[in-house]
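Given the structure is predicted, the values throughout are model-derived calculations rather than measurements. If you read the sequence from its start, that first residue is 1, and numbering goes on from there.
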Amino acid sequence: MILDNRFLLCWLAPIVAGLFSPYAQGFKHLVAFESKIAFYGFLVLYLFYALFALIKSPLVVKILKNTLVFISVFFAFLHFFLARYFDMLLTPSTIDTILATNLKESHDFLTSMVLPHGGVLLGALVACGLFLYFARLHVPLSTKAHIALIALFMLGIGVHATRIISAEMTLTQGTNQAIERVIPLMREGHAIYTSLKEYGNNQAILQAIREPLPKDYLKVDSDSVPNVVLIVGESASRNFMHLYGYPVPNTPFLSGLAERERERERSQFVRVSGHHCAFWLDRPRA
C-alpha cells in the first residue's frame with residue numbers, strides 16, 4: 001500500500017473547504033471541526049487505499065484513484081461554494097432543492113451566482129492540478145506503519161467516543177452527527193441517500209394524490225372535527241429569495257407585499273431561524 005499525491009489532495013481538499021463551514025465559526029469550533037475532518041478523512045482514505053491495494057490490475061487502481069480524486073475535489077468545491085457565498089451546508093435539504101429546480105431556475109442560478117465567481121472556482125481547480133503535477137508523494141507503508149496507524153485510529157475514535165459521552169449524548173447520536181457533519185465522502189453520501197429516499201417517498205405521495213378519489217370522500221362523520229388545512233412554506237431559504245437580495249426575481253408577490261408594507265411603515269423580518277415548527281426571530285427591520 002502506497003500513499004501518493006492523490007491521497008494527499010483528497011485529504012487536504014475537505015480540510016481547506018472546512019475552513020469556510022458554518023461549523024467552524026470561532027477558533028475553538030474551528031480547531032475541533034477541522035481536527036475531526038482531518039482525522040476521519042485520513043481514516044476513510046486509508047480504508048479506500050487498503051481496498052485498492054487488494055486489486056491486482058494497475059489500470060483499475062489508477063481509474064479508481066482518479067475517480068476518488070474527482071469526487072473528493074468536487075465535493076470540496078461544493079462545500080466551499082455553499083459555505084462561502086450562502087453560509088449553507090451540503091445537506092439533504094440542499095440536494096432536495098437541486099432536485100426540485102427546473103431548467104430555467106438552474107440557468108438563472110448559473111448565470112447570476114456561479115459565473116460571477118467562476119474565477120475563484122477556476123483558480124482552485126488550477127491549484128489542484130498544479131498540486132498533482134508538482135507534489136511528489138510516494139510513501140510505502142510497512143507492516144509496522146499499518147499497526148501504528150490502526151492503533152492511532154482506535155485511540156482517536158476512543159477519544160471522540162469519550163467526548164460524546166461527556167457531552168451527554170448517546171454513541172448512536174454522536175456517530176450520526178459525525179456522519180452528517182464531519183466525515184468526508186460519508187457525509188455527502190448520507191445527504192444524497194437521504195434526499196433520494198425522501199424524493200422517492202414524495203413521488204409516491206404525489207402519485208397517491210393523483211389517484212381518483214372515492215365517491216364518498218366528502219362524507220363527514222357526525223363525531224368528526226372540522227377539516228383544517230395547514231400550509232407551511234418548508235425549506236424556503238432566504239439565500240434564494242429575491243425579497244432578501246437574491247438577484248433572480250423569483251418572489252414577485254412577496255417582494256410587492258414587502259414594498260406595500262414598507263410604505264405603511266410596518267416591519268419586515270430580516271432573518272428568522274427555525275427548526276421544524278419552532279422559530280426564533282433574530283431582528284426586525286422597519
Side-chain angles (χ1 to χ4, degrees), residues 1-25 27 29-53 55 57-90 94-95 98 106 109-142 145-146 149 152-153 181-189 191-192:
M1 179 174 170
I2 299 175
L3 305 185
D4 53 13
N5 56 351
R6 285 169 291 192
F7 181 97
L8 187 58
L9 178 60
C10 291
W11 182 60
L12 290 176
I15 296 177
V16 175
L19 295 172
F20 302 90
S21 173
Y23 291 132
Q25 302 299 322
F27 181 76
H29 295 290
L30 173 65
V31 173
F33 184 69
E34 289 290 83
S35 299
K36 293 175 184 176
I37 290 181
F39 173 78
Y40 284 108
F42 196 96
L43 172 58
V44 170
L45 291 173
Y46 174 84
L47 294 176
F48 271 112
Y49 267 62
L51 293 176
F52 295 162
I55 301 175
S57 173
L59 178 61
V60 174
V61 172
K62 183 178 180 180
I63 293 175
L64 291 176
K65 288 183 177 181
N66 289 336
T67 302
L68 185 61
V69 169
F70 173 81
I71 294 174
S72 298
V73 172
F74 174 77
F75 283 143
F77 280 176
L78 200 54
H79 279 286
F80 162 76
F81 187 80
L82 291 173
R84 175 65 179 84
Y85 297 110
F86 299 104
D87 197 29
M88 293 176 62
L89 301 165
L90 182 59
T94 310
I95 306 298
I98 296 174
S106 300
F109 178 80
L110 180 66
T111 55
S112 62
M113 300 303 299
V114 177
L115 292 182
H117 306 293
V120 176
L121 299 178
L122 181 61
L125 184 62
V126 171
C128 291
L130 293 176
F131 180 89
L132 289 175
Y133 182 78
F134 288 105
R136 293 292 179 262
L137 181 68
H138 188 85
V139 182
L141 296 181
S142 62
H146 282 291
L149 285 175
L152 182 62
F153 293 148
R181 299 181 181 182
V182 176
I183 306 178
L185 298 179
M186 291 188 66
R187 57 183 176 179
E188 294 85 6
I192 294 173

Could you tell me whether the side chain of Tyr49 and the main chain of Phe7 form a donor-acceptor pair under 3.5 Å? yes

Taking the six-membered ring for Trp, are Tyr85 and Phe81 ring centroids under 6.0 Å apart? yes

Please confirm whether the backbone N or O of Pro14 pairs with a side-chain atom of Ser72, one donor and one acceptor, at under 3.5 Å? no

Could you tell me whether the side chain of Phe33 reaches within less than 4.5 Å of the side chain of Gln25, counting heavy atoms only? no

Working to the nearest 0.5 angstrom, can you tell me the gap between Ile55 CD1 and Lys62 NZ? 15.0 Å

Interatomic distance, Leu78 atom CG to Leu121 atom CG [nearest 0.5 angstrom]: 10.0 Å

How close do Pro184 and Arg187 get, counting heavy atoms only, and between which atoms? CA-NE, 4.0 Å

Non-hydrogen side-chain atoms of Leu82 and Leu89 separated by less than 4.5 Å: no

Minimal heavy-atom distance between Leu185 and Phe75, with the atoms involved, is CD2-CD1, 4.3 Å

Quick one, Leu43 and Tyr40 - any side-chain contact, counting heavy atoms below 4.5 Å? yes

Using modelled atom types and a 3.5 Å cut-off, is there a donor and acceptor pairing between side-chain atoms of Glu34 and backbone atoms of Val31? no

If you count the non-hydrogen atoms of other residues, nucleotides and ligands that lie under 6.0 Å from NE2 in His29, is the total more than 12? no

Would you mind reporting whether Leu90 and Glu188 have side-chain heavy atoms less than 4.5 Å apart? yes

Between the side chain of Arg136 and the main-chain N/O of Tyr133, is any donor-acceptor distance below 3.5 Å? yes

Minimum heavy-atom separation for Gly18 and Ala24, please, with both atom names. O-CB, 3.5 Å

Ring centroids only, cut at 6.0 angstrom: are Phe77 and Phe80 within range, meaning strictly under it? no

Would you call Arg6 and Leu132 a side-chain contact if the rule is heavy atoms closer than 4.5 Å? yes

Atom of Pro116, atom of Thr111 and distance for their closest heavy-atom approach: CD-O, 3.5 Å

Atom CZ of residue position Phe48 - does it have more than 12 heavy atoms of other residues, nucleotides or ligands inside 6.0 Å? no

How far apart are the closest heavy atoms of Met113 and His117, and which atoms are they? O-CD2, 2.8 Å

Distance from Leu130 atom CG to Leu125 atom CG, nearest 0.5 Å? 9.5 Å

Quick one: does Leu3's side chain get under 4.5 Å of Phe42's, heavy atoms only? yes

Does Arg181 reach the side chain of Lys36, with side-chain heavy atoms less than 4.5 Å apart? no

Is any side-chain heavy atom of Leu68 closer than 4.5 Å to a side-chain heavy atom of Leu45? yes

Drop me the distance from Cys10's SG to Ile15's CD1, to the nearest 0.5 angstrom. 11.5 Å

Do you know the tightest heavy-atom contact between Lys65 and Asp4? NZ-OD2, 3.5 Å

How long is the straight-line distance from OG of Ser57 back to CD1 of Ile63, given to the nearest 0.5 Å? 7.5 Å

